[in-house]
Amino acid sequence: MHLESRVAIVTGSARGIGQAIATKLAEHGATTIINDLDGGGAEQTAAQIRARGGQATAIVADISQADEAKRLVDETMASYGRLDILVNNAGITRDSFLLRMSEEDWDRVLNTNLKGAFLCSRAAVRPMMKQGWGRIINISSVAGVMGNAGQANYAAAKAGLLGLTKTVAREFASRGITVNAIAPGFIDTEMTRPLSEAVKQEFLRLIPVGYAGSPEDVAQAVLFLASEEARYITGQVLHVDGGMLMA
Ligand code: NAP
């Protein structure tokens, strides 16, 4: 899959799944913008990609803020003159059962995981429309499809991302822009590492292939959806979960 001449923004890509996605897109020729709140991590990821012969630039921006999301796209356009691929990957968790969930934790998760994707997509579609080509890939979660006790805020945001995906896909299908979501299952990253051994074992019991996924597993799916080869796929949800959820 060739992404030469493509410019991609991956939000939250200083580490974990986002880092694997950015590295994968860069390996296939895309100039990649490493966005994160963590400037040091973003710079380090960009430097690693460049050391392997890829093209990458770090841009620190909080994608939950409208002016920051716009600046992320504006700076990309100022530097490279185009934007072809947006991966809305940045996400956080603030888990607790509903009765104990604070309004603040609800708002923080919704603002980052759902509103951030809306803000970045809104800013990105303008240049994509002008180019007549674009790819938006939203990183949702199995939790957004089946729910998960203790994650009302996270599951609601990830379910909201699916509605956003399908709506934006319909709005821009005729403009050469495809919009798809990926729903990862249980992936080994810093987000899932703090879970107790009991919770991890519970997840593993639900996964037919019998093991946790890696960030690389998600990156491979993003690469395909970002490619020209996936031009006829839009408004879809691709499950990357070892068979955890079979609809
Ligand atoms: P992670 O290791 O926690 O990485 C998330 C990254 O997003 C962090 O570098 C974080 O930066 C950044 N970020 C958070 N808020 C941001 C903001 N407002 N603006 C810009 N960047 C921000 O998580 P991960 O496991 O790689 O998850 C990546 C995505 O996959 C998330 O959307 C997650 O919900 C989804 N997902 C993960 C799993 C899993 O099992 N791991 C399963 C399903 C879906 P800081 O560290 O500076 O906060």
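In listed order, ligands and their atoms are each counted from 1. The figures here come from the full heavy-atom set of this structure, side chains too, leaving out hydrogens, waters and symmetry mates. Just so we're clear, the structure is a prediction, and the values are computed from it rather than from any experiment.
The nearest pair of heavy atoms linking Thr11 to Ala90 is OG1-N, 2.9 Å.
In this structure, Pro215 does not count as a contact residue of ligand 1, since none of its heavy atoms falls inside 4.0 Å of the ligand. Within the 4.0 Å heavy-atom cutoff, Ala61 counts among the residues contacting ligand 1. For Ser140, the heavy-atom gap to ligand 1 drops under 4.0 angstrom. Contact between Gln19 and ligand 1 is absent, with no heavy atom of the residue lying under 4.0 Å from the ligand. Using a non-hydrogen distance threshold of 4.0 Å, Thr11 does not register as a contact of ligand 1.
Shown here is Lys70, whose NZ atom has no more than 12 heavy atoms of other residues, nucleotides or ligands within 6.0 Å.
Cation-pi geometry between Arg6 and Trp133 is met: under 6.0 angstrom from the ring centre, within 45 degrees of the axis.
Within ligand 1, counting atoms from 1 as listed, the ones closer than 4.0 Å to a heavy atom of Thr189 are 24 (P), 25 (O), 26 (O), 41 (N). Less than 4.0 angstrom separates some heavy atom of Asn89 from each of these atoms of ligand 1: 28 (C), 29 (C), 30 (O), 31 (C), 32 (O).
Heavy atoms of Asp36 found under 4.0 angstrom from ligand 1 belong to the backbone as well as the side chain.
For atom 7 (O) of ligand 1, the choice among Gly12, Ala20, Ala183 with the nearest heavy atom turns out to be Gly12. The closest heavy-atom contact to atom 5 (C) of ligand 1, among the options Gly16, Gly40, Gly91, Ala212, comes from Gly91.
Taking distance alone, with nitrogen or oxygen atoms compared against 3.5 Å, Ile63 approaches ligand 1 more closely than that limit.
Given atom 34 (O) of ligand 1, the protein heavy atom at minimum distance is Tyr154 OH, 2.5 Å.
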